[in-house]
Amino acid sequence: QAPAGANNPWTSEHMAPPVELTSDQISTMSRADAQSSLQAVSRARQNRNLDAATRERLNQEFQQLSNRMNELAKGQSGPG
């Protein structure tokens with residue numbers, strides 16, 4: 001998260017988007033990593049100042065992370 005400041009658009013209410021995740025990164029995440037990333041993406045998606053491309057990326061990552069959490073809940077470790 002970017003530091004708070006008067007001219008900073010990324011406040012606690014409008015969190016800066018997390019670093020982009022690849023499908024490969026997501027598919028090998030532990031439950032803790034997937035949950036942490038899912039929370040970060042969820043918070044970032046609430047930012048009304050996102051451009052369309054970033055919003056779409058976050059939506060895709062949210063879906064992939066949700067799927068990963070479901071896989072882990074079912075005892076599946078991913079491709080292998």
Side-chain angles (χ1 to χ4, degrees):
Q1 187 170 349
N7 296 326
N8 186 346
W10 305 116
T11 64
S12 60
E13 183 179 342
H14 298 105
M15 184 177 171
V19 175
E20 186 170 356
L21 298 169
T22 66
S23 296
D24 287 341
Q25 287 173 314
I26 292 171
S27 70
T28 59
M29 282 185 173
S30 68
R31 183 178 183 86
D33 288 342
Q35 188 169 23
S36 175
S37 295
L38 186 62
Q39 290 172 345
V41 168
S42 294
R43 285 191 302 269
R45 288 174 62 197
Q46 295 173 16
N47 185 342
R48 295 180 185 149
N49 297 323
L50 296 174
D51 61 67
T54 302
R55 184 169 303 282
E56 179 62 25
R57 173 181 69 87
L58 292 171
N59 288 339
Q60 289 174 359
E61 288 177 11
F62 181 86
Q63 187 61 52
Q64 290 176 325
L65 288 162
S66 295
N67 291 343
R68 177 63 180 156
M69 290 295 293
N70 289 336
E71 287 174 0
L72 290 167
K74 294 176 185 174
Q76 301 172 358
S77 62

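Only a predicted model underlies this, so the values are computations on that prediction, with no experimental measurement involved.
No side-chain donor-acceptor contact under 3.5 Å links Gln39 to the backbone of Ser36. Distance alone, capped at 3.5 Å, places no donor-acceptor pair between the Arg45 side chain and the Arg55 backbone.
Each of Leu38, Leu21, Ile26 was evaluated against Gln64; a single residue qualifies, Ile26, per the side-chain contact (heavy atoms from CB on, under 4.5 Å) test.
Listed here is the closest heavy atom pair of Met69 and Arg31: SD-O, 3.8 Å. Shown here for Ala44 and Leu50, the closest heavy-atom pair between the two residues is O-CD1, 3.3 Å. Between Ser37 and Met29, the shortest heavy-atom contact is OG-CE, 3.4 Å. Between Leu72 and Ser30, the shortest heavy-atom contact is CD1-C, 3.8 Å.
With sequence neighbours excluded, no residue forms a side-chain hydrogen bond (donor to acceptor under 3.5 Å, both in side chains) with Asp24.
The shortest distance between side-chain heavy atoms of Pro17 and Val41 does not fall below 4.5 Å. Side-chain contact check for Ser27 versus Glu71: every heavy-atom pair is 4.5 Å or farther apart. In this structure, Glu61 and Glu20 have side chains that are in contact, with non-hydrogen atoms separated by less than 4.5 Å.
For the 3.5 Å distance criterion, the side chains of Gln63 and Asn67 qualify, holding a donor opposite an acceptor.
Between atom CG of residue Leu65 and atom CG of residue Asn70 there is a gap of 11.0 Å, rounded to the nearest 0.5 Å.
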